[in-house]
Amino acid sequence: MADKIDTRAVGLDVGLAFIRWLTGAENLHYGLWSGLEVTAGNLRAAQDAYTVKLFGYLPAMPSGGPLRILDIGGGAGETARKLLALGHQVEIVVPSAFLAARCRETANGATVHECTFEAFQGQGPYDLCLFSESFQYIPLSESLPKCARLLAPGGQVLIADCFRTEVYKGRHVHGPQAGGGHPLVAFRAAVDASAFTVDAEEEITDAVAPSIDLEQRLFHVLGHGVTRVSDEIRGKRPRAHWALGKAIGLFLSRKRRENLMQRLTGTSRTSEAFRRFNSYRIIRLRQREVQNSV
């Protein structure tokens, strides 16, 4: 049987190449747009501002020494590279073989574990478990309990991610929407039931929301090109258009093609909708103090 085409890896490769061409880096996270005009030319500055904001929540070691950080869902390694430059020790957990390879190249000096966080067998202990736009992909029943087992005494968890507001009733009601994440109410309940308590928290939804409009404008440019070429071929070479459709169907299901065209031409993904259905937060958790029994 022929090997299945890994469309996700292809998409990541193309996406990272485009971001690297546009910004000179391979950041996969949102930008922080406070005081910046929302243009492609400012994307690197917005993403750098996001990193500065995130790093402002890094805990300080009592000794003043470096942190032992577990970067969970480390993307292409850009955040880990910056943490290494600050002198911290970094291990990355990333489930994609493609991204793991990028991490090894970008964050030279970090230990890369190619697996899901749920399957991660590392022992630690770590001073910080970092989730930069990866927390939403891990079940609440797995994330915080596993962090508690991996952290050293006094260790903390730092989360920067989207959460769903109570307004969001699901894709079947609102259709495809940007953002995502665990319901904020469910997250609060998970924290209350965990070994952690909230040490610091900041909502930055308004500051990151323009990333959605910029992303969608870029997709619309691509969508216009795809639609224009498709219409031209259909009108002048109908048999070639039919054959091209069949060829695309060999590695993209109908559902995936529909989802792709929704991203390329749709209008539902907006910063306004993002603000309504999502709450983007930076949250630092610390371990609860153990009460000694009398």
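These numbers come from a predicted model, not from an experiment. Throughout, numbering of the chain's residues begins at 1 and tracks the sequence.
Here the CD1 atom belonging to I69 is positioned 5.5 Å from the CG atom belonging to L128, to the nearest 0.5 angstrom. Rounded to the nearest 0.5 angstrom, S96 OG and E114 CD are separated by 7.5 Å. L184 CG to F163 CZ: the interatomic distance, rounded to the nearest 0.5 Å, is 6.5 Å. For the atom pair SG of C129 and CG of L70, the computed distance is 5.0 Å after rounding to the nearest 0.5 Å.
Y57 and I204 fall within the same hydrophobic cluster, defined by Ile, Leu, Val, Met, Phe, Trp and Tyr side-chain heavy atoms under 4.5 Å apart, directly or through other members. If you chain together hydrophobic residues whose side chains sit under 4.5 Å apart, V52 and L54 never meet in one group. L83 and I282 fall within a single hydrophobic cluster, where Ile, Leu, Val, Met, Phe, Trp and Tyr side chains are chained together by heavy-atom contacts under 4.5 Å. V112 and I72 are members of different hydrophobic clusters when ILVMFWY side chains are connected at heavy-atom separations under 4.5 Å. Hydrophobic clustering (side-chain heavy atoms under 4.5 Å, transitive across Ile, Leu, Val, Met, Phe, Trp, Tyr) keeps L140 apart from Y137.
Here the side chains of F274 and V208 are in contact, with some heavy-atom distance below 4.5 Å. The closest side-chain heavy-atom distance from L150 to P125 is not below 4.5 Å. Counting only heavy atoms from C-beta outward, the side chains of C162 and Q136 approach each other to under 4.5 Å. Looking at heavy atoms from C-beta onward, L151 lies out of side-chain contact with D127 at the 4.5 angstrom threshold. Looking at L214 and T39, their side chains never come closer than 4.5 Å, going by heavy atoms from C-beta outward. The side-chain heavy atoms of W33 and N42, taken from C-beta on, include a pair separated by under 4.5 Å. At least one side-chain heavy atom of E201 sits less than 4.5 Å from a side-chain heavy atom of R281. At a threshold of 4.5 Å between non-hydrogen side-chain atoms, the residues E91 and Y126 count as touching.
Using a cut-off of 4.0 Å between Lys/Arg side-chain N and Asp/Glu carboxylate O, D48 and K82 are scored as salt-bridged. A salt bridge does not link D192 with R188: every distance from a Lys NZ or Arg NE/NH1/NH2 to an Asp or Glu carboxylate oxygen is 4.0 Å or more.
A pairwise comparison of heavy atoms in I92 and A110 identifies CD1-CB, 4.0 Å as the closest pair. Scanning all heavy atoms of the two residues, the minimum distance from R275 to P210 falls at NH2-CD, 4.1 Å. Annotation for G154 and Q287: closest pair N-OE1, 2.8 Å, computed over non-hydrogen atoms. Between V157 and C147, the closest heavy-atom pair is CG2-CB, 3.9 Å. Taking both residues in full, the closest heavy atoms of L67 and P59 are given as CD1-O, 3.4 Å, listed atom of the first, atom of the second, then distance. Summarising the geometry of G31 relative to S211, their closest heavy-atom pair is N-OG, 3.0 Å, with the distance given to 0.1 Å.
Counted by atom type alone, T205 and E203 present one or more donor-acceptor pairs between their side chains at under 3.5 Å. For the residue pair R68/Q89, the side-chain donor-acceptor check at 3.5 Å is not satisfied.
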Open item on the list: One pair to check against side-chain hydrogen bond (donor to acceptor under 3.5 Å, both in side chains): R286 and Q156. What are the steps and the verdict?
Closed with: CA-CA 5 Å; R286 60 176 172 83; Q156 300 187 19; over 6 Å; no
- [ ] Determine, step by step, whether L158 and L58 satisfy the side-chain contact (heavy atoms from CB on, under 4.5 Å) criterion, reporting the C-alpha distance in whole Å, the side-chain angles of both residues, the deciding distance to 0.1 Å, and the verdict.
- [x] CA-CA 8 Å; L158 181 56; L58 292 175; 4.1 Å; yes
- [ ] Please test L130 against T79 for side-chain contact (heavy atoms from CB on, under 4.5 Å), starting from the C-alpha separation and ending with a verdict.
- [x] CA-CA 10 Å; L130 172 63; T79 298; 4.2 Å; yes
Open item on the list: Between R164 and V185, does the side-chain contact (heavy atoms from CB on, under 4.5 Å) criterion hold? Intermediate values first, please.
Closed with: CA-CA 9 Å; R164 285 300 193 191; V185 171; over 6 Å; no
- [ ] Carefully, step by step, assess F187 and I159 under the rule side-chain contact (heavy atoms from CB on, under 4.5 Å).
- [x] CA-CA 11 Å; F187 170 72; I159 302 165; 3.9 Å; yes
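Although no hydrogens or angles enter the test, the distance criterion places no donor-acceptor pair under 3.5 Å between the side chain of T106 and the main chain of E78. Counting only distance, with no hydrogens or angles, the side chain of R104 and the backbone of G77 share no donor-acceptor pair below 3.5 Å. Between the side chain of H182 and the backbone N or O of I138, at least one donor-acceptor pair lies under 3.5 Å. At distances below 3.5 Å, not a single donor-acceptor pair connects side-chain atoms of D199 with backbone N or O atoms of L285. Side chain of E133 to main chain of F131: no donor-acceptor pair is present (N/O by atom type, distance under 3.5 Å, no hydrogens or angles). N278 places a side-chain N or O within 3.5 Å of a backbone atom of G180 that can act as its donor or acceptor partner. At least one donor-acceptor pair closer than 3.5 Å links the side chain of D213 to the backbone N or O of S271. Using a distance-only test at 3.5 Å, with no hydrogens or angles considered, a donor-acceptor pair links the side chain of T165 to the main chain of R276.
H113 and F120 have their aromatic ring centers within a separation under 6.0 angstrom. Ring centers of Y30 and Y280: under 6.0 Å apart, within the cut-off.
Note that K146 lies in the cation-pi zone of F117, set by a 6.0 Å cut-off to the ring centre and a 45° limit from the axis.
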